[in-house]
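Here is the structure we will look at, set down as structure tokens.
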Number of protein chains: 2
Amino acid sequence: MAKHDPALSLLFHALADPTRRSILIRLAETPARVTDLAGPTGLRLPTVMRHLSVLEAAGLITTSKDGRIRTCAIVPEALDPVRTWLDEQRAIWEARLDRLDAFVMNVMKEREE
Amino acid sequence: MAKHDPALSLLFHALADPTRRSILIRLAETPARVTDLAGPTGLRLPTVMRHLSVLEAAGLITTSKDGRIRTCAIVPEALDPVRTWLDEQRAIWEARLDRLDAFVMNVMKEREE
DNA sequence: GCGATAGTTAGCGACATGGCTAAGCATGAT
DNA sequence: ATCATGCTTAGCCATGTCGCTAACTATCGC
């Protein structure tokens, strides 16, 4: 029960950007060089690099350099904490709903307008 | 297959902040007034209001005003898109791993340092 | 009506983010 | 040795984020 889990924040923040999500999806297909990732996005190299370092800081990808080529690959288990948090929340939220909060919700909905 | 799904971005961004996550967890317990939410965080009212509007814009909470009191409550199904996206990704990522990308990963790991 | 209570709005400051260009550095091909 | 390629670094600009204070509005209790 981390009060303010930094890893979770990094993960969510990394996933909040559409460009980064598309990079992840591209990498899910196959590992790729930085230039390969820049192509589809239409972004410049330094910009892509930044996104990559955000993804790497969040632990979502690993990169390694062979010669002058940096290869990026996905870290599949990196999503686990997100999934765990989501599961926890859903459990709590739904348990809560099973009680009569549904009633409260309804009252609020009616008053809403 | 939304190219750049704005709803998803809003959701992830809303979840990226520890304060907002703690507000959600607090609201999972029971609906609450704005002031009630401000207390535990130690933040000022306008600051909390901002967080609430981010959460509401993402569809994670609903709020309604009765007299001078605004009550906030969770929207449990709001997490569904996140969960769906996560499931999709995990499916793809793992399918990919079952092929011999594991080999590539290993090579990269060895070269990493 | 008067004062306390609950939110709201406006606006500020510090800093982060997401894009860029320009210039640098290392490696591979010739 | 030279040149092209691939990445990296430094730095700029516009915008967004997160906290605050101050001042305003709108109820509620008396």
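So you know, we letter chains A, B, ... as the sequences are listed, proteins then strands, and number each from 1.
- The aromatic rings of A:Phe12 and B:Phe12 sit tilted relative to each other, their planes meeting at an angle between 30° and 60°.
- Listed nucleotides D:dG6, D:dC18, C:dG7 differ in distance to B:Arg20; the shortest reach to its side chain belongs to D:dC18.
- At a threshold of 4.5 Å between non-hydrogen side-chain atoms, the residues B:Val34 and B:Ile69 do not count as touching.
- Taking atom CZ of B:Arg33 as the reference point, atom C1' of C:dG7 lies 11 Å away to the nearest angstrom.
- Rounded to an integer number of Å, the gap from B:Arg68 CZ to D:dT27 P is 10 Å.
- In this structure, B:Ile69 atom CD1 and D:dT27 atom C1' are separated by 9 Å, rounded to whole Å.
- For the atom pair CD1 of B:Ile74 and CD1 of B:Ile23, the computed distance is 11.0 Å after rounding to the nearest 0.5 Å.
- In this structure, A:Phe12 places its CZ atom 17 Å from P of D:dT17, rounding to the nearest Å.
- In the set C:dT5, D:dC18, C:dG18, D:dC18 carries the atom at the smallest distance from any side-chain atom of B:Asp17.
- Distances shorter than 4.0 Å separate some side-chain N or O of A:Arg70 from OP1 or OP2 on D:dT8.
- The OG1 atom of B:Thr63 lies 10.5 Å from the CG atom of B:Leu55; values are rounded to the nearest 0.5 Å.
- Side-chain contact between A:Arg83 and B:Asp87 is present, with at least one heavy-atom pair separated by less than 4.5 Å.
- Here the CD1 atom belonging to A:Ile92 is positioned 9.5 Å from the CD atom belonging to B:Glu29, to the nearest 0.5 angstrom.
- Computed from coordinates, the B:Asp66 CG to D:dA26 P distance equals 17 Å when rounded to whole Å.
- Here C:dA16 presents its P atom at 11 Å from NE2 of A:His13, a figure rounded to the nearest Å.
- For the segment residues 39-55 of chain A, residues with any heavy atom less than 4.0 angstrom from an atom of DNA chain D are, sorted by number, A:Leu45, A:Pro46, A:Met49.
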